[in-house]
Amino acid sequence: NKRKELNSSHYQVRYCNSLCIPLIVGVQKDRFEVHRDRLFSASSWFETNLNSGLQETSLQQILLPADDPEVIEIFVQWLYKANPSFSIFTDETFMQLAKLYEFANRLFIRELKNYIVWKLFELRKQNSIPPMSSVHYAFEHLPDNATFRKILVAWFVWHQESARTLTADTLNMSPQFSTELVLTMIKKQDGIPDLLSANPQSQYEIEDR
């Protein structure tokens with residue numbers, strides 16, 4: 001099993017014992033063993049969840065029944081190494097990033113969201129074009145002020161090769177995206193800069209003080 005091999009070799013699950021918390025993911029209940037301190041450092045959500053007095057407290061497990069095991073595997077890799085493995089296909093990578101951002105936003109994993117922003121900037125440098133499937137997902141599942149959404153809009157407003165891929169049919173897939181696209185085009189005429197031309201860190205979330 002590929003996932004078990006990853007867990008054993010990269011995350012040293014055999015040395016976990018009581019130091020690890022199982023993540024139980026998806027309808028098939030895939031299991032990921034993760035060191036407690038890494039989870040708690042990533043987000044206070046995990047510690048709060050484990051001390052909530054609910055089922056997770058008695059079992060000392062994190063239950064993620066609605067999440068995609070593929071996305072959680074990337075998250076676990078990110079906890080242990082700088083650059084987790086994404087799909088070799090660019091379109092799939094965009095969707096993985098969109099789902100990972102939704103997960104990070106929901107569980108308040110600020111540093112993971114910042115990593116995803118950096119990853120999007122890297123894809124932009126490679127002249128990659130976000131597929132409309134990932135755009136649609138982002139506008140269906142992320143809040144209006146999500147940086148991920150803002151970056152996608154900028155991608156199509158300031159970069160002609162991306163804009164040329166848009167059609168009436170693709171725009172109809174996501175009315176919210178279409179609206180944001182028009183509004184940002186108007187702002188562009190007023191002189192606002194392309195956020196993708198800036199340093200990625202300009203779009204990072206900072207810790208509340």
Side-chain angles (χ1 to χ4, degrees), residues 1-14 16 20-47 49-50 56 61-126 128-143 146-149 151-152 155 200-201 203-205:
N1 182 288
K2 179 182 177 184
R3 189 168 291 123
K4 287 182 179 177
E5 289 175 2
L6 277 170
N7 284 343
S8 296
S9 60
H10 287 294
Y11 316 135
Q12 299 181 317
V13 171
R14 59 188 178 276
C16 271
C20 278
I21 298 294
L23 308 182
I24 311 301
V25 184
V27 294
Q28 299 297 323
K29 297 185 178 180
D30 291 51
R31 184 184 182 96
F32 298 85
E33 299 273 355
V34 184
H35 285 88
R36 179 187 297 263
D37 60 341
R38 291 186 183 265
L39 287 174
F40 291 2
S41 294
S43 171
S44 60
W45 183 92
F46 292 102
E47 186 170 5
N49 189 273
L50 286 170
E56 286 87 348
Q61 296 177 343
I62 298 292
L63 306 178
L64 301 168
D67 284 287
D68 183 345
E70 180 183 82
V71 172
I72 302 307
E73 182 171 321
I74 296 172
F75 163 63
V76 174
Q77 288 185 27
W78 172 80
L79 286 173
Y80 286 89
K81 61 179 185 177
N83 290 303
S85 300
F86 290 88
S87 171
I88 61 173
F89 301 107
T90 304
D91 283 7
E92 291 181 3
T93 296
F94 274 107
M95 183 58 81
Q96 288 172 335
L97 288 169
K99 290 182 177 181
L100 193 62
Y101 193 97
E102 188 280 327
F103 170 77
N105 187 68
R106 179 162 33 93
L107 272 61
F108 309 102
I109 311 173
R110 179 177 53 87
E111 290 299 335
L112 179 55
K113 291 166 69 175
N114 290 342
Y115 168 78
I116 294 166
V117 168
W118 173 83
K119 186 74 175 175
L120 288 173
F121 272 71
E122 290 298 302
L123 287 168
R124 174 58 216 149
K125 288 179 183 177
Q126 299 167 22
S128 302
I129 299 175
M132 283 306 297
S133 56
S134 60
V135 173
H136 179 68
Y137 179 90
F139 276 78
E140 283 289 309
H141 294 89
L142 298 178
T147 301
F148 195 101
R149 285 175 45 154
I151 289 174
L152 291 180
W155 214 302
Q201 292 182 358
Q203 300 302 314
Y204 284 2
E205 292 186 12

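- Relative orientation of the F46 and F75 rings is parallel, given thresholds of 30° and 60° on the angle between their planes.
- In this structure, the side-chain contact (heavy atoms from CB on, under 4.5 Å) partners of P84, at least two apart in sequence or on a different chain, are I74, Q77, W78, F86, Y115.
- The main-chain N or O of R124 is never found under 3.5 Å from a side-chain atom of S128 such that the two would form a donor-acceptor pair.
- Across all their heavy atoms, D67 and P69 have their closest contact at O-CD, 3.5 Å.
- Here CZ of R149 is found 4.5 Å from CZ of F139. Values are rounded to the nearest 0.5 Å.
- Listed by chain and number, the residues in a ring pair (Phe, Tyr, Trp, His ring centres under 6.0 Å) with F121 amount to none (sequence neighbours excluded).
- By the ring pair (Phe, Tyr, Trp, His ring centres under 6.0 Å) test, H136 pairs with no residue at all, sequence neighbours left out.
- A salt bridge is defined here as a Lys NZ or Arg NE, NH1 or NH2 lying under 4.0 Å from an Asp or Glu carboxylate O, and E122 with K119 fails to meet this definition.
- For the pair L112/L107, no side-chain contact is recorded, criterion being any heavy-atom separation below 4.5 Å from C-beta on.
- Remark: side-chain polar atoms of S87 are not paired, donor with acceptor, to backbone N or O of T93 under 3.5 angstrom.
- K29 and I24 make their closest contact through CB-CG2, 3.7 Å (heavy atoms, listed as atom of the first residue, atom of the second, distance).
- Pairing each heavy atom of L152 with each of A138, the nearest pair is CD1-CB, 3.8 Å.
- Residues L39 and L23 are in side-chain contact: their nearest non-hydrogen atoms beyond the backbone lie under 4.5 Å apart.
- For S134 against A98, the heavy-atom pair with the smallest separation is O-CB, 4.3 Å.
- Looking at residues two or more places apart in sequence or on another chain, you find a side-chain contact (heavy atoms from CB on, under 4.5 Å) between F108 and S43, W45.
- How far CZ of F94 is from OH of Y137: 16.0 Å, rounded to the nearest 0.5 Å.
- Between the OG1 atom in T147 and the CD1 atom in I116 there is a gap of 10.5 Å [rounded to 0.5 Å].
- R38 is linked by a side-chain contact (heavy atoms from CB on, under 4.5 Å) to H35, Y80, counting only residues two or more places apart in sequence or in another chain.
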Assess whether side-chain contact (heavy atoms from CB on, under 4.5 Å) is satisfied between L64 and F103, documenting all intermediate values. CA-CA 10 Å; L64 301 168; F103 170 77; 4.1 Å; yes
Run the side-chain contact (heavy atoms from CB on, under 4.5 Å) check on W155 and V135 step by step: do they pass? CA-CA 11 Å; W155 214 302; V135 173; over 6 Å; no
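- In this structure, CD in Q96 is found 9.5 Å from CD in E73, a value given to the nearest 0.5 Å.
- For Q203, there are no side-chain hydrogen bond (donor to acceptor under 3.5 Å, both in side chains) partners at least two apart in sequence or on another chain.
- If you take OG1 on T90 and CD1 on I129, they are separated by 10.0 Å, rounding to the nearest 0.5 Å.
- Taking N114 as the reference, R110, E111, Y204, E205 meet the side-chain contact (heavy atoms from CB on, under 4.5 Å) condition, with sequence neighbours excluded.
- For residues 86-99, every residue pair satisfying the salt bridge (Lys or Arg N to Asp or Glu O under 4.0 Å) rule, not counting sequence neighbours, is listed here: D68-K99.
- Expressed to the nearest 0.5 Å, how far CG of L97 lies from CG of L123 amounts to 6.5 Å.
- Every residue two or more places apart in sequence or in another chain was checked for a salt bridge (Lys or Arg N to Asp or Glu O under 4.0 Å) with E47, and none qualifies.
- The two residues E33 and C20 make their nearest non-hydrogen contact at OE1-CB, 3.7 Å.
- Between V34 and I21 there is no side-chain heavy-atom pair separated by less than 4.5 Å.
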